[in-house]
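The basis for the numbers below is simple: all heavy atoms, side chains too, and nothing from hydrogens, waters or symmetry mates. Proteins come first, then strands; the chains are lettered A, B, ... in the order of their sequence lines, and each starts at number 1. Note that the structure is a prediction, hence the values are computed from the model and not measured.
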Number of protein chains: 2
Amino acid sequence: MGRGGSSSSSSNSLVLDSERGELVRAPTKLGQKVISEGKSLAALKSHSEAERRRRERINSHLDTLRSLVPCTDKMDKASLLAEVISHVKELKRTAVEASKGFVIPMDIDEVRVEPHEDGVLGGPFCIRASLCCDDRPEILPNLREALEACKLETVKVEISTLAGRMKNVFVMTGCKEENSDDTEVRRLLMSSVHKALRSVLDKIPTSSEFSPRIMLPNKRRRISLFDSSSSSS
Amino acid sequence: MGRGGSSSSSSNSLVLDSERGELVRAPTKLGQKVISEGKSLAALKSHSEAERRRRERINSHLDTLRSLVPCTDKMDKASLLAEVISHVKELKRTAVEASKGFVIPMDIDEVRVEPHEDGVLGGPFCIRASLCCDDRPEILPNLREALEACKLETVKVEISTLAGRMKNVFVMTGCKEENSDDTEVRRLLMSSVHKALRSVLDKIPTSSEFSPRIMLPNKRRRISLFDSSSSSS
DNA sequence: AGCAACACGTGAGCC
DNA sequence: TGGCTCACGTGTTGC
């Protein structure tokens, strides 16, 4: 990284011919002197050509990156690279924790509601809501009911059980009529979903057989996905 | 994209001072002439400085990418970009069909049982079983019951509904006492799981209360994730 | 010696 | 007009 080039050599007499883009020798009286002083003509030419090829290689790769990452059609190089970086990070995140596949229930109760990073498709508007709690099969109907209250459509649910704990992950999307771009609407929806899950979590009996569930108009409990009786196995 | 720079201007007398890297005027007799001929000194200086900052920005992003993509520590720029490209492509591939995760129910009934490619964790022995059929909530208890008969532990279930169709994906693992390496045992287990799912599928009333199997789900039914309106009790 | 990869300054063009 | 991005040719360094 020699910052300062050592010296000038600014006035050798090699110039670029304006017509053909080829290197020629400038009209001068001291022909041999100049030639001996600089590199040979052929050397300079091949050098610049090699450099041109190198640039083309790099720019070609930049172009394919541009075609791979959306909305970068008219970005400058630096911004394009920045966008590539964030895309790689995002893809990595979702890939690691979904290709791995298993949703693993943790030991602490938890309610999480967040935008579902689609990563690829700029979908309408997705929420990823998860509830981690004790493995109580009877909470599933409650969950469903609570989520139905929100004006969202559940497109996917993922349930994992492990060692008496369970984690439920819901992916939901808003009605298309609502403006997905309105962040205020999003925040409101997510907040209501969060409250719904929270209420379900709070209603879980810590040890009793079954809870005094009054709220339900009809007694449609059950659908215990699996494991309706004993927790293990 | 003017390929050939238009002309030479090769012998203006601005040179780079070897010590400080600053632009100075070369010792010459025709001072004013030279200055008036080119841009002002300050202009040239700010220009080269801006260009330097631009390069630094780009190279900084390149470095970040290098840290993000493995095994690129000593690659040249072009190869690094090529590697970034292939990584983005690969991440995208797995992201669309795994992380994005939506299991999309198809129009044909289907039972599939296969070893669960873990991808990351070399687990004990996992089976991925899926059943695609009409969206009949009452099949869930049947499913559970049928799968309980097999000596497997369900670690994850994933349910997607779309346009009156549903797809259930189960990830199950065998008891640890059984030898996971025994391919014969595996085949046996998978076969029994397959039979179980098959039996559930066959039990689905094709037309209990409605026209059986019109080819197209022209009728958009509700997405009731696990609607329990019927079934037990 | 040659080749490859880099940083640099500079002209051109575009807001 | 200045600020910017880009492509170009060149000097330099390491193999």
Side-chain angles (χ1 to χ4, degrees), chain A residues 1-26 34-63 65-66 72-83, chain B residues 1-26 34-63 65-66 72-83:
Chain A
M1 192 182 288
R3 165 62 59 81
S6 60
S7 70
S8 61
S9 83
S10 66
S11 56
N12 72 34
S13 299
L14 292 175
V15 299
L16 196 62
D17 180 72
S18 28
E19 294 288 326
R20 305 287 298 115
E22 302 211 340
L23 284 170
V24 297
R25 193 151 50 82
V34 170
I35 290 182
S36 66
E37 186 177 349
K39 326 289 179 180
S40 80
L41 286 170
L44 273 186
K45 178 182 161 107
S46 85
H47 184 29
S48 66
E49 279 179 351
E51 182 63 15
R52 201 185 91 255
R53 276 193 296 272
R54 174 176 167 271
R55 277 193 302 265
E56 282 172 355
R57 218 166 50 233
I58 293 180
N59 285 338
S60 147
H61 286 152
L62 250 33
D63 281 347
L65 273 178
R66 207 173 245 111
T72 52
D73 277 340
K74 215 40 193 176
M75 273 184 182
D76 59 285
K77 289 184 185 176
S79 313
L80 165 66
L81 288 178
E83 204 61 24
Chain B
M1 192 179 290
R3 167 63 58 80
S6 60
S7 72
S8 60
S9 84
S10 64
S11 54
N12 73 31
S13 299
L14 291 175
V15 299
L16 196 64
D17 180 71
S18 28
E19 294 288 326
R20 305 288 297 116
E22 302 212 340
L23 283 171
V24 297
R25 194 151 50 82
V34 169
I35 290 183
S36 65
E37 184 178 350
K39 327 286 179 179
S40 80
L41 284 170
L44 273 185
K45 176 181 161 107
S46 85
H47 183 27
S48 66
E49 278 179 352
E51 183 62 14
R52 203 183 91 254
R53 277 194 297 272
R54 174 176 166 270
R55 277 193 301 265
E56 281 172 356
R57 213 165 52 237
I58 292 179
N59 285 338
S60 148
H61 286 151
L62 250 32
D63 284 347
L65 276 176
R66 208 173 245 110
T72 52
D73 277 342
K74 214 38 193 177
M75 274 185 181
D76 59 284
K77 289 183 186 177
S79 313
L80 165 65
L81 288 177
E83 204 62 24

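Separating the CD1 atom of B:I58 from the C1' atom of C:dA7 is a distance of 12 Å, rounded to the nearest angstrom. For the pair B:L44 CG and D:dG2 P, the interatomic distance rounds to 13 Å; values are reported in whole Å. In this entry the distance linking NZ of A:K45 with P of D:dC8 reads 15 Å, nearest Å. Rounded to an integer number of Å, the gap from CZ of A:R53 to P of D:dA7 is 17 Å. Whole-Å rounding puts the B:D76 CG to D:dG14 C1' distance at 14 Å. Rounded to whole angstrom, the span from the CD atom of B:E49 across to the C1' atom of D:dG2 amounts to 15 Å. Look at CE on B:M75: it is 12 Å from P on C:dC6, rounded to the nearest Å. If you measure from atom CZ of A:R66 to atom C1' of D:dT5, you get 11 Å, rounded to the nearest angstrom.
Applying the 3.5 Å distance criterion, the base of D:dC6 shares a donor-acceptor pair with the side chain of B:E51.
Residues B:S79 and B:D76 bring a donor and an acceptor atom of their side chains to less than 3.5 Å of each other.
Judged purely by atom type and a 3.5 angstrom limit, B:H61 has no side-chain atom pairing as donor or acceptor with the backbone of A:L81.
The side chain of A:H47 sits closest to D:dT10 out of D:dT10, D:dC8, C:dG11.
Within 4.0 Å (heavy atoms only), A:R57 reaches sugar-phosphate atoms of the nucleic acid but no base atom.
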**OP:** Go through the steps for B:E49 and B:R52 under the test salt bridge (Lys or Arg N to Asp or Glu O under 4.0 Å), then give the verdict.
**Re:** CA-CA 5 Å; B:E49 278 179 352; B:R52 203 183 91 254; 5.0 Å; no
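Close to D:dC6, at under 4.0 Å from its OP1 or OP2, lies no side-chain N or O of A:N59. For D:dC8, one of the phosphate oxygens OP1 or OP2 lies less than 4.0 angstrom from a side-chain nitrogen or oxygen of A:R55. At the phosphate of C:dC6, OP1 or OP2 sits under 4.0 Å from a side-chain N or O atom of A:R54. Residue B:K77 places at least one side-chain N or O closer than 4.0 Å to OP1 or OP2 of C:dA7.
Look at A:R53 and A:E56 and you find no salt bridge, because none of the NZ, NE, NH1 or NH2 atoms lies under 4.0 Å from a carboxylate O.
The distance from atom CG of A:L80 to atom CD of A:E83, rounded to the nearest 0.5 Å, is 8.5 Å.
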